[in-house]
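Throughout, numbering of the chain's residues begins at 1 and tracks the sequence.
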Amino acid sequence: MTPFFHLIKKSFQSNQKFQVQVAILFVIFIAALLPKIPVFYPPARRFFGPLGSQEVFCSLVLYSSPFIFLAYCLVTRSRSLKFSWFDGIFGLMILMNLFSFFWIRRGFAPVNPILTLVCSFFLYLLIRNLHANQLKDYTLFLLVIPVIPITLEACHGLLQAIQGKLPLLGPFYNYNVFGMLLAMSVPLVISQVFSGVRGSIYRIISLLWALFLFTIMVLTTSRTATCGVVLALGVASVVYFSPQLTGIWKRSGSAAKITVAAAFFSTIVSGLYFVYSFRPLSLWGRFLLYRVGFNIFSRNLLTGIGFGNTFSQLAKYQCDYFAMGKGSDLDRFLAGSNGMINSTYLEAAVESGILGLCLYIPFWFLILRVAFQLINSKESGAERSPEPAVNNYSLRNLGIQIWKGERNNMVRFGVGAVLILFLSMSLSYSPFMIIQINIVFSYLLGIAVSLSESQKSEHVKSD
């Protein structure tokens with residue numbers, strides 16, 4: 001029996017609370033991400049049609065999270081809950097948005113955004129309150145839970161590619177949603193390529209798995225997802241290998257430094273040109289929404305227009321923007337958006353104003369801080385691979401270190417990279433309000449914060 005399946009068998013034999021937790025999590029992810037069984041067997045579609053769309057399944061799962069959390073507390077007899085500054089900022093942000101939604105909003109606003117935000121907090125709490133031993137012993141298994149259904153959706157995308165249906169939409173009928181879900185799985189699988197504790201075959205399988213997910217993600221043509229994965233893995237790798245890279249940079253000559261800087265600059269320019277040339281009208285449409293968003297923010301500086309009000313009010317504000325004589329003929333041609341400003345940060349400023357940003361900015365900063373803590377961490381019982389002496393820093397030694405793998409399972413690296421991915425995707429999209437992505441991210445955020453706390457407690461004990 002392989003070590004992974006032995007771990008599963010052992011956990012179910014010895015930990016009743018863990019059994020309950022895993023059962024709940026499987027129900028959440030299978031129900032949320034794999035409701036489209038008729039897609040794989042078209043003749044059965046007429047029997048499942050009355051059940052509704054994918055969003056209905058995801059909404060039911062997410063909106064029931066407060067009751068799932070309560071049921072978990074009762075079944076496992078949890079008498080105390082974990083609490084940290086992160087939980088406090090997250091909770092205050094929820095309360096602020098509740099106030100903004102019910103008292104500051106202007107006109108009609110759908111209730112979906114506030115329900116999504118509140119219920120994601122309870123889903124986060126459900127994962128956040130894992131027992132320390134469960135988190136320490138079964139983290140890798142817990143991370144596999146969302147990756148498996150997303151991989152099955154990637155297989156669905158492969159079938160679409162074979163049939164020539166490009167861009168790939170999966171069962172979501174939206175290439176951005178499909179691409180972002182795949183993007184959130186890639187760093188988790190890539191982290192196992194860097195791990196050296198389970199043998200070369202395990203790492204080769206992880207590499208092939210990651211390449212498969214990345215290829216399907218590219219075929220979705222989601223620029224946000226593809227650029228986000230490249231940026232997140234690049235930042236995470238630079239942070240993790242920063243001592244080696246710094247030593248290599250210091251030992252390099254001027255010619256090598258100039259060459260690296262020129263290559264880096266050329267890559268950035270080429271990437272920006274590719275993003276622009278792929279869908280130029282789409283990019284200009286985003287710039288229009290950014291300009292409209294800044295205009296709305298300047299006119300509602302203190303409290304914003306109310307949480308969740310962008311969807312119903314954006315068309316009106318676009319008309320006001322053009323009525324002031326702003327915008328070109330191309331802008332008018334591209335007007336008529338889908339109700340999104342296409343930036344989490346700008347949308348938060350528009351809806352919550354400066355007062356809301358006083359909570360949003362610390363929340364985003366804490367997510368980034370947790371990401372860097374996890375990437376830089378030394379895991380208990382399995383140190384990072386020893387770094388060579390300062391005078392031995394070279395690309396060859398760094399390559400040998402990566403080839404041999406690190407002396408830990410690298411799950412913290414993967415989770416930290418996902419947090420950076422989410423923050424980078426939020427620059428040009430609003431992923432948190434997409435229910436499928438919200439479910440996966442809230443789950444991973446709960447694991448990330450718990451891992452960060454356990455890391456601090458380990459350092460305290462060692463001191």
Does any non-hydrogen side-chain atom of [Y] lie less than 4.5 Å from one of [X]?
X	Y	value
Leu219	Tyr175	no
Phe422	Leu444	no
Leu117	Ile94	yes
Leu368	Phe372	yes

query = Which distance, rounded to the nearest 0.5 Å, do you find between the CG of Leu168 and the CD of Gln163?
reply =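 Going from CG on Leu168 over to CD on Gln163, the span is 10.5 Å.
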
task = Quick one: pull up OG in Ser65 and CZ in Phe67 and give me the separation to the nearest 0.5 Å.
result =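 Going from the OG atom of Ser65 to the CZ atom of Phe67 covers 9.0 Å.
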
Indicate the atoms forming the closest heavy-atom contact of [X] with [Y], along with that distance.
X	Y	answer
Met217	Gly179	CG-O, 3.6 Å
Phe432	Asn438	O-ND2, 2.8 Å
Arg203	Gln192	CG-O, 3.8 Å
Tyr290	Ser428	OH-CA, 3.4 Å
Leu346	Leu289	CD2-O, 4.5 Å
Glu351	Thr310	OE2-OG1, 2.6 Å

Short question: side chain of [X], backbone of [Y] - any donor-acceptor pair under 3.5 Å?
X	Y	answer
Ser237	Gly234	no
Ser185	Val147	no
Thr224	Met425	no

Please name all residues satisfying side chain to side chain donor-acceptor pair (under 3.5 Å) with [X], sequence neighbours left out, ordered by chain then number.
X	value
Ser430	Glu347
Ser120	none
Asn174	none
Tyr360	Asn97

Enumerate donor-acceptor pairs with a distance under 3.5 Å from any side-chain N or O in residues 204-212 to protein atoms, sequence neighbours excluded.
{"residue": "Ser206", "atom": "OG", "partner": "Tyr202", "partner atom": "O", "Å": "2.9"}
{"residue": "Trp209", "atom": "NE1", "partner": "Thr151", "partner atom": "OG1", "Å": "3.0"}

ask   = Between Phe413 and Tyr240, how do the two ring planes meet: parallel, tilted or perpendicular, split at 30° and 60°?
value =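 Ring orientation, 0 to 90° scale: perpendicular.
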
ask   = Ser442 and side chain to side chain contact (heavy atoms under 4.5 Å, CB included): which partner among Leu123, Leu125, Ile437?
value =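 Only one of Leu123, Leu125, Ile437 forms a side chain to side chain contact (heavy atoms under 4.5 Å, CB included) with Ser442, namely Leu123.
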
request  = Decide whether Tyr124 and Asp87 meet the rule of one side-chain donor and one side-chain acceptor closer than 3.5 Å.
outcome  =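 Asp87 and Tyr124 do have a side-chain donor-acceptor pair below 3.5 Å.
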
query = Under the side chain to side chain donor-acceptor pair (under 3.5 Å) criterion, do Ser195 and Glu406 qualify, and how do the steps go?
reply = CA-CA 5 Å; Ser195 176; Glu406 296 297 297; over 6 Å; no

message = Name the residue from Tyr429, Trp364, Phe365 that meets the ring-ring contact (aromatic ring centres under 6.0 Å, His included) definition with Tyr345.
response =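 Exactly one candidate clears the test, Trp364.
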
inquiry  = Is the distance between the ring centroids of Phe99 and Phe307 under 6.0 Å?
reply    =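 No, they do not, as the ring centres are separated by 6.0 Å or more.
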
inquiry  = Is there a side-chain contact (heavy atoms from CB on, under 4.5 Å) between Phe441 and Leu419? Walk through the geometry before answering.
reply    = CA-CA 8 Å; Phe441 179 73; Leu419 297 187; 3.8 Å; yes

ask   = Listed by chain and number, what are the side chain to side chain contact (heavy atoms under 4.5 Å, CB included) partners of Leu355, not counting sequence neighbours?
value =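 Testing Leu355 for side chain to side chain contact (heavy atoms under 4.5 Å, CB included), a comparison that skips the adjacent residues, returns Leu302, Thr303.
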
query = Do other residues, nucleotides or ligands put more than 12 heavy atoms under 6.0 Å from Ile201 CD1?
reply =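 Atom CD1 in Ile201 is not packed in, count stays at 12 or less.
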
